[in-house]
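Report on the following structure.
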Protein chains: 2
Amino acid sequence: MLKFDEQKQIDSVNGALALRPEIEKVVDEIQNRGFDAIFFIGIGGTWASSMQVEVYMRGRSSIPVYVENAAEFLTTGNKRFTKDSIVIFSSVTGSTSEMVKAVDKAHEIGAKVFGFIDKPEAPMVKQCDWCISYPMNEQLKFYMVANRLMYNNGEFPEYDKYNAEMEAHLAQALVDVEKEADEWAADFAKKKYEYFRANPDMPHYFVGSGNQWGATYSYAMCYWEEQMWIRTKSITCPEFFHGMLEIVEAETPVTLFIGEDEQRPLAERVKNFLPRICKNYTIIDTKDYELKGISEEFRGSISHLVMHAVNNRVDAHMEAELCHPLEIRRYYRQLDY
Amino acid sequence: MLKFDEQKQIDSVNGALALRPEIEKVVDEIQNRGFDAIFFIGIGGTWASSMQVEVYMRGRSSIPVYVENAAEFLTTGNKRFTKDSIVIFSSVTGSTSEMVKAVDKAHEIGAKVFGFIDKPEAPMVKQCDWCISYPMNEQLKFYMVANRLMYNNGEFPEYDKYNAEMEAHLAQALVDVEKEADEWAADFAKKKYEYFRANPDMPHYFVGSGNQWGATYSYAMCYWEEQMWIRTKSITCPEFFHGMLEIVEAETPVTLFIGEDEQRPLAERVKNFLPRICKNYTIIDTKDYELKGISEEFRGSISHLVMHAVNNRVDAHMEAELCHPLEIRRYYRQLDY
């Protein structure tokens, strides 16, 4: 398999899950100190991950948890953000200028900041009141925070069972998804590449909701646009029916992400409608993957990780089809702006 | 001028502004009763308007005001939504199924509902605890609610001056914008139409932030996609720099909406960057319009209405160029789904 190191990926996920005692210590301290609200702040891909953890908690927890885009926080601000608020964020490089400034602003207001920064040597590590440095697995880290917050708040009685399952099975289940998806992904990438060569201007549409929305938004923008230079548009499932449906025709390329959280019915509505007006659609449904060892009741909470695993395979094959190394950027961090 | 009835538009805006005593009565009653949070709930265009009023209040008011997408509220729900919460929404027809169900759900929880429904005969009017029926001007109605909420909360001392100015000058200022924009809009529509005919697959990009984000999102989706059947993608100004910029090239059609609220600097950053990588961009800046009688300090609060007035002219000319009546839908409300 292209660009696939099974053991490395298993170790990566297990290493993230092994952060649990560290994460619990920070979260317990935050909840023992007290706070008025928790703000997940991000920009670009980290904003998308923030949206995923917020929608995960929204229906489950009375803890006031909000998402802020760092650039909006710096300009519009938020009057409900106070000295008793908590910022949680993730950054790979620890150098994104909007995030550096947002953390400074949070501190000026008197709030406390909990950061996940991949690079332990980033100066931003010292900016945080609490910081955990471990590479990748941003969404998993955020959900681990969410789970502990809800457990401490009496909203997650299955916490121990949940963690036992994840720690025993998640890493293997995700590499199994990649192995299972690979052949399909090679074929999908080939068809997408051929379509793209014949129709270079046409946007590829991605539709998804719930914890798939962050996946949909960031996959379309951070992977296809930023890394592959292919036009995309992403939209949530309910919003698809309030405008975007009108530009879908028989040959319009639409990919629907279906997960297993409580917004699944919104995706199923799109799934049922699409074939009536389109024949160039693809459905990626996390339900098609086994996820050995993971209980039915917990599958929805990792749907976005399953979709990410499927898309890892698509990316590997798209890179090969395009003959375009995905680490090149035309403008991002190449120019000052 | 095409599809332009100056007196009718002046009367429409002034009629909305004249709702103020009715709106104040409802808002005062809501604040006297007390509440834990206010949720603006919408879907499609009304969700976009909800985002506009939320961002307007976010930096100005400590009142807990949130936006919910109706379909997400029906599936994920929100644990912070309680019997003491207030729903505010707007609906033209009063028949959007997600909204009808969302109001039912809010009532089941015990919350109260304040609706603006254009059609007084809609059955949904009776579903509301408070309802005001007056056609169009949704964004203006929402901002009138916001202004009263903030005034009562001691956050808008200029309330009387603000209303005096708006009631004396807003309606005329907006029709003046339309008259001033018309020639430019005819030319813009002609160029856009020509580009579209030559490049029918290419999405037209719309970029905007702050109270322009709702305008950008809904203009791209509810007008160009839904009414004109032209592909679009909309993005906020800060997110433009976190992915989308990579697919912009010399001939990519990008339209930037610049308003005068506190997120203006985010749009100016895009404005300064665009010419370096693109020559097919258009900037619509509300600052270019006089808005006679409106103080500098209040201009930002109506930037989205100014942009809407400019876009009214674009729509009129696009309809003529396309020879495609904007009221036709292919699928929306034509099929069951």
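A note on names: the letters A, B, ... follow the listed sequences, proteins ahead of strands, and every chain is numbered from 1. Just so you know, these numbers use all the heavy atoms, side chains as well, and skip hydrogens, waters and symmetry mates.
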Segment of [X] engaging chain A (4.5 angstrom heavy-atom cut-off):
X: B:L245; answer: both
X: B:E68; answer: side chain
X: B:Q227; answer: neither
X: B:N272; answer: neither
X: B:D261; answer: neither
X: B:L74; answer: neither
X: B:S218; answer: neither
X: B:T82; answer: neither
X: B:E54; answer: side chain
X: B:R60; answer: backbone

Which atom names give the shortest non-hydrogen contact between [X] and [Y], and what distance separates them?
X: A:P238; Y: B:I43; value: CB-CD1, 4.1 Å
X: A:I247; Y: B:E225; value: CG2-O, 3.7 Å
X: A:R58; Y: B:R80; value: CA-NH1, 3.7 Å
X: A:V55; Y: B:T76; value: O-CG2, 3.8 Å

Pick from [options] with the largest number of heavy-atom pairs that fall under 4.5 Å of chain A:
options: B:T96, B:N199, B:T252; result: B:T252
options: B:I277, B:N69, B:V248; result: B:I277
options: B:S234, B:C237, B:G77, B:G210; result: B:G77

What residue in [options] has the most heavy-atom pairs under 4.5 Å with chain B?
options: A:E98, A:E249, A:E72; value: A:E72
options: A:Q263, A:M244, A:R329, A:R264; value: A:Q263
options: A:W224, A:Y205, A:F81; value: A:Y205

Original post:
Going through the distances and angles, do A:K233 and B:R231 end up as a side chain to side chain contact (heavy atoms under 4.5 Å, CB included)?
Top reply: CA-CA 9 Å; A:K233 167 160 180 147; B:R231 301 184 188 289; over 6 Å; no
To the nearest 0.5 Å, how far apart are [atom1] in [X] and [atom2] in [Y]?
X: B:T75; Y: A:L266; atom1: OG1; atom2: CG; answer: 4.0 Å
X: B:N153; Y: A:K79; atom1: CG; atom2: NZ; answer: 9.0 Å
X: B:E246; Y: A:M228; atom1: CD; atom2: CE; answer: 13.0 Å
X: B:R276; Y: A:D336; atom1: CZ; atom2: CG; answer: 7.0 Å
X: A:W47; Y: B:T236; atom1: CH2; atom2: OG1; answer: 5.5 Å

**OP:** Please work out whether the ring planes of A:Y331 and B:F273 are parallel, tilted or perpendicular, with thresholds of 30° and 60°.
**Re:** perpendicular
**OP:** Taking the side chain as every heavy atom from C-beta outward, state whether A:E239 and B:Y217 have any atom pair closer than 4.5 Å.
**Re:** yes
Subject >> Min side-chain heavy-atom separation A:I235-B:M221 under 4.5 Å >> reply: yes
Given a strict heavy-atom distance threshold of 4.5 Å, which part of [X] is in contact with chain B: side chain, backbone, both, or neither?
X: A:R330; result: both
X: A:F73; result: neither
X: A:S209; result: neither

Subject >> Within 6.0 angstrom of A:F241 CZ, more than 12 heavy atoms from elsewhere >> reply: yes
**OP:** Return yes when atom OH of A:Y223 has more than 12 non-hydrogen atoms of other residues, nucleotides or ligands closer than 6.0 Å, and no otherwise.
**Re:** no
